[in-house]
Amino acid sequence: MTTKPVAETFAQASLFQTLKTFPATVHALLFFTLVIRFSYFMAWPFIAVIMTQNYHMSPIAIGLAMTSSALISVVLGMYGGQLSDRLGRRVILLLGCGFSAVGYVTLALAAGMGLFITGLLIIGVCFAWVDPPVRALMSDLLGDRRRRALALQMRYYLINVAAVFGPLVGLVFGLTSQKGTFLITGLTYLPFFAYVLLFIPAGKLLSEQHGSNGPSVKLHQVMGIIARDRIYVAALLCSILCSIVFIHYEAVLPQYLLLLDGKAAVKLITLILVTNACTVLVFQTFIVRFMAQIHLPKRILLGGAIFAFSQLCFFATRSTETWIWLTVTSVFSMGEAILMPNLNILLDQLAPAEHRGAYLGASTLTTLGIAIGPLIGGVMLALTGAGVFISTALLSLLLCAIIYACKVSMLSRLQES
């Protein structure tokens, strides 16, 4: 069956038994993911608030700045994937950690808007040369599909643990919507840099060497391979659409709340972030075993439908009543808990073994959604206000339509792999 490798993760062995089989490096990568994302969630979700209050930037200007940062991430991610295939993951991770630390420190120390935006552009390297290489390295170390699926689920779970406690700690210590918090985020990359330098071997791992039977694939060849793989392109497009909708939640929703009530916005944003992460944690804990029995395309269809419904709820909410926003956020979070991890698993399982490096590099195109989302959202927010959520609802439905149209082909491909 299509879902057998994922279902076995929970049916044939307990969660902790399977985790014990992970190499020590994978446990370390999961730990550093938690640490980095913890500090990230103390600061980054409030960046739109900082840009609005400190630099008086418009929604379109904020969207353009964040889009530029994410576009840099897309371009460097493609080249970074190629370099990591040739030189090993260590080189790219060291560069990514170093640039990320510099970028966040620049945000913390920036006295003017120009330097702040420069720091934002430098952080474009963060996602490109830290996040995908970490996932790729875990894939290299966890050869079988069953454990890779569990590692992706655990990674997503830990990110949401960070999303629960990061904003809360920031709120308790008065760090939310403060530029100085970016300094803490930058410093958290230093222990990760030291670990990679000391414990990740230079060059390729043995599993990488055995997995690549031919010469390294160049960037233009990557694009050609992916362009001819219609099923993977469809899954990649769905992941991009999901990213666009999700980044509206992180980048556009705070601006919308500022328009509704500037005084209540920071506290409400914090509560929404915590509610989102708590809902994802609880829902994912109880739903994973049930979802393991459902094939991947159907899971994604369910998550996409809930996503669309939540966007319509955001559109209909025009007050700043806390309980209303937290209820709607819970609905959104249930869709997120289903949709985002399973899209990652789908992309991982559709990638053929003989071109895994090429496909891992191409998967960074998912960040196109993160790149164009803030700009689309900023323009739509400026022109239509709450109408921005109608556009995200339509994008969620488009995601469902693509998955439904390709469902049979995807199931056939997954059964063959």
Side-chain angles (χ1 to χ4, degrees), residues 6 9-10 13-45 89 93 96-97 100 104 126-127 129-142 146-170 184-185 187-193 195-196 199-200 242-243 246 249-250 273-289 291-292 303 333-345 347-348 363 366-367 370:
V6 181
T9 302
F10 306 100
S14 73
L15 175 67
F16 292 106
Q17 286 174 333
T18 308
L19 285 174
K20 287 179 180 178
T21 68
F22 285 9
T25 301
V26 173
H27 287 290
L29 292 174
L30 290 172
F31 170 75
F32 283 115
T33 296
L34 174 64
V35 171
I36 289 170
R37 290 306 183 101
F38 185 93
S39 63
Y40 165 91
F41 278 108
M42 287 196 300
W44 189 262
R89 313 297 182 200
L93 279 172
C97 289
S100 298
Y104 280 110
C126 169
F127 189 85
W129 288 1
V130 175
D131 197 73
V134 164
R135 296 202 314 268
L137 183 56
M138 288 196 297
S139 257
D140 297 336
L141 295 167
L142 299 170
R146 177 176 63 87
R147 294 196 302 165
R148 289 204 316 267
L150 178 58
L152 287 172
Q153 291 278 9
M154 285 301 303
R155 180 181 171 277
Y156 193 73
Y157 188 87
L158 290 174
I159 288 173
N160 281 284
V161 170
V164 170
F165 294 104
L168 282 178
V169 170
I184 299 174
T185 307
L187 292 177
T188 59
Y189 279 91
L190 299 183
F192 190 22
F193 182 94
Y195 178 84
V196 173
F199 297 101
I200 302 298
C242 178
S243 297
F246 183 77
Y249 163 78
E250 286 196 346
L273 288 171
V274 173
T275 300
N276 167 250
C278 285
T279 304
V280 170
L281 287 178
V282 174
F283 191 72
Q284 193 177 16
T285 299
F286 290 101
I287 204 68
V288 162
R289 184 181 295 273
M291 284 291 170
S333 304
M334 288 189 286
E336 177 194 341
I338 297 171
L339 190 59
M340 298 190 73
N342 284 297
L343 278 171
N344 286 333
I345 292 171
L347 288 172
D348 180 79
S363 69
T366 296
T367 55
I370 297 172

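For the numbers below, each heavy atom of this structure counts, side chains included, while hydrogens, waters and symmetry mates do not.
- Separation of the Tyr189 and Phe193 ring centroids does not fall under the 6.0 Å cut-off.
- The nearest pair of heavy atoms linking Met334 to Phe283 is O-CE2, 3.6 Å.
- If you take CZ on Arg135 and CG on Asp348, they are separated by 9.5 Å, rounding to the nearest 0.5 Å.
- Side-chain atoms of Pro191 and Val35, non-hydrogen and from C-beta on, never get closer than 4.5 Å to each other.
- For residues 22-34, no pair satisfies salt bridge (Lys or Arg N to Asp or Glu O under 4.0 Å), with sequence neighbours left out.
- By the 4.5 Å heavy-atom criterion applied to side chains, Ile159 and Phe41 are counted as neighbours.
- With a 4.5 Å cut-off on side-chain heavy atoms, Leu190 and Cys97 do not count as touching.
- Under the salt bridge (Lys or Arg N to Asp or Glu O under 4.0 Å) criterion, no residue pair touches residues 161-170, with sequence neighbours excluded.
- Each salt bridge (Lys or Arg N to Asp or Glu O under 4.0 Å) pair with one or both residues in residues 30-39, not counting sequence neighbours, appears once here: Arg37-Asp131.
- One finds the CD1 atom of Ile184 at 13.0 Å from the OH atom of Tyr104 (value rounded to the nearest 0.5 Å).
- Remark: Leu152 CG to Leu343 CG distance equals 11.5 Å, nearest 0.5 Å.
- Residues Ser333 and Thr275 share a closest heavy-atom pair of OG-O, 4.4 Å.
- Taking CE from Met138 and CG from Asp140, the interatomic distance works out to 10.5 Å, rounded to the nearest 0.5 Å.
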Check: Where do Tyr249 and Phe246 land on the ring pair (Phe, Tyr, Trp, His ring centres under 6.0 Å) test, with the steps shown first?
Finding: CA-CA 5 Å; Tyr249 163 78; Phe246 183 77; 5.7 Å; yes
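- Heavy-atom minimum distance, Cys242 versus Leu339: SG-CD2, 3.7 Å.
- Atom CG of residue Leu29 and atom CE of residue Met154 lie 13.5 Å apart, to the nearest 0.5 angstrom.
- Looking only at side-chain heavy atoms (C-beta outward), Thr188 and Tyr40 stay at 4.5 Å or farther from each other.
- Atoms CG and CG, on Asn342 and Leu347 in that order, are 11.0 Å from each other to the nearest 0.5 Å.
- Nearest heavy-atom pair, Thr21 versus Arg147, reported as atom, atom and distance to 0.1 Å: O-NH1, 2.7 Å.
- Ring-plane geometry between His27 and Phe22 is classed as tilted, the angle between the planes lying from 30 to 60 degrees on a 0 to 90 degree scale.
- For Leu93 against Phe192, the heavy-atom pair with the smallest separation is CD2-CZ, 4.5 Å.
- The shortest non-hydrogen separation linking Ile200 to Leu137 is CD1-CD2, 3.9 Å.
- Counting non-hydrogen atoms of neighbouring residues, nucleotides and ligands closer than 6.0 angstrom, the CZ atom of Phe165 reaches no more than 12 such neighbours.
- Residues Glu336 and Thr279 are not in side-chain contact: their nearest non-hydrogen atoms beyond the backbone lie 4.5 Å or more apart.
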